[in-house]
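What follows is a single structure, written as structure tokens, with notes after it.
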Amino acid sequence: MIADRIRRPALLDKITTAEAAAALIKDGMIIGMSGFTRAGDAKAVPIAMAERAKTDPFKITLITGASLGHDVDRMLTEAHILARRMPFQADRTLRAAINRGEVMFIDQHLSETVEHLRSNQLGPIDYAIIEAAAITEDGGIVPSTSVGNSASFAVLAKKIIIEINLSQPAELEGLHDIYFPGRRPSRVPIPVVACDSRVGFPYVPIDPDKIVAIVVTDEKDSASSIEAPDADTDAIAGHLIRFFEDEVAKGRLDLTLHPLQAGIGSIANSVLSGLADGPFHHLRMYSEVLQDSTFDLFDAGKLVFASGSSITLSTACAERVFGDFHKYKEHIVLRPQEISNHPEVIRRLGVIGINTALEFDIYGNVNSTHVGGTHMMNGIGGSGDFARNAYLSIFVTKSLAKEGRISSVVPMVPHVDHTEHDVDILVTEQGLADLRELAPRERALQIIEHCAHPDFKEALSDYFRRACARGGHTPHLLEEALSWHEKARTAGTMVPLTRM
Ligand code: COA
């Protein structure tokens, strides 16, 4: 019954159509919209906005938590609505528009966006468009499968449009922990001292008079599109398991490890699932996206608690999890992304961060975002929040991309998301390079030996030898350092001539 989902009777009068709500959005507005890696996104109003723009063109700045589902970014791009987009996306059509220079994309650390809003460096937000599982008697918003930036959008926006999604389980209520850092200079430490700390409200407290429209929807989140584990991701997981076992043997970790974070994408998801095969137990997660792998670890009896900002699942896993949600609910908390990704908390908890690189160089600088140094893939997301502050910052990738034509280990990355200073461990299916306490020349030997594919090892070693002959703390041949990428751009391959 709708009155169970909208428990403040006065708000029932605000129920309207997606078209009427979309008509409130005017040219030049700044919109904060819910949605984090396909979870908990607004599903009806943005599509009505795209439809309206066909006859009534307008442009907006769109800020979300992270990527959206339901092809919303594609539709908004095709409707030419997006003037500016931040802080993350993962849509092919939008990516192409960004790379043509048509949409100004601001690729931001996910923990930072609301700080910019709070301090008026960005904003003000005209409308927050938020998906909710329910509205409480006091008008508090109960988010659905993600919190992302929704809580701050709702608090900071001039007006709020809510999508009440009946397909989102009512049992989601109680899952969220909404905490806002105070304003500076009187801000106090964030009181999260363990993965399962609950420090805020189970709903977003707002002034209910700001709610101007409520749209009722009944559509599930888009399923995640991650690929199943393969031989390479199994090998990466195997190297990591052996590394963790070795750390335990050396007394640096125990078998419960430290709280784990795993980034988006097929590789990180597969690697985390692979930990179910290790000897570890009573694992905890302090992460941002809880993917299928989180629930694989729960079901394997390995994981005791997971803190995140969203739950993004494949169709089969969503049926399993939401079909039996009481089994998981008390072991999960969803937080605003500025808390799930907060440097202070990540450093305090000693998180082990596992994120995916597109490529890395022989000294350990990582490129996660720019193909060929120029073309945006998705964005840095939360990887930087975790990499800089983690107890162990781990990056994984396959040693080859594009059917073996591209090496993921290169002389110099043409774009740096994570500098050598933020990277402790690199893993490919070939092996693992432990870079801790090593100087650049020592790091290069480890990376080439353990991570590079045999097809490219000789060329990398040759580059490194000749660079060392020229000298330097971090030796390079600057005229040649990016030639591998130039060759990939012009010939579609980095494969050395002798092997072609
Ligand atoms: N050069 C060029 N392209 C490359 C490449 C390289 N060295 N390595 C991978 N790619 C391409 C793949 O071919 C694939 O292209 P396609 O989509 O056209 O098939 C694409 O990048 C994705 O690679 P894939 O191997 O499928 O990995 P993934 O799904 O695990 O994604 C990232 C990898 C890096 C794109 C993804 O993890 C990401 O966006 N990371 C940045 C954000 C982040 O880390 N957030 C973490 C906190 S949640």
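Order of listing sets the numbers, starting from 1, for every ligand and every atom in it.
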- Can the ring centroids of Y363 and H476 be said to lie less than 6.0 angstrom from one another?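 For Y363 and H476, the ring centres are under 6.0 Å apart.
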Which segment of [X] sits under 4.0 Å of ligand 1 when only heavy atoms are counted:
X: I380; answer: backbone
X: N355; answer: side chain
X: Q89; answer: neither
X: V371; answer: side chain

Which option wins on minimum heavy-atom distance to [atom]: [options]?
atom: atom 41 (C) of ligand 1; options: G308, S383, G263, G379; value: G379
atom: atom 25 (O) of ligand 1; options: T356, T369, I267, V413; value: I267
atom: atom 36 (C) of ligand 1; options: D107, N367, N378; value: N378

- Query: Got a sec, which residues hit side chain to side chain donor-acceptor pair (under 3.5 Å) with D234, two or more places apart in sequence or on another chain?
  - Reply: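 Checked D234 against side chain to side chain donor-acceptor pair (under 3.5 Å); zero matches.
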- Least distance between heavy atoms, E219 atom then H70 atom: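 The answer is OE2-CD2, 3.2 Å.
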- Message: I need the minimum non-hydrogen distance between S310 and S146, along with the two atoms involved.
- Response: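 Smallest interatomic distance, heavy atoms only, reads CB-CB, 3.5 Å.
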- Mind checking what makes salt bridge (charged side-chain N to carboxylate O under 4.0 Å, His left out) contact with E449, not counting sequence neighbours?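 Partners of E449 by the salt bridge (charged side-chain N to carboxylate O under 4.0 Å, His left out) criterion come out as none, since no residue qualifies.
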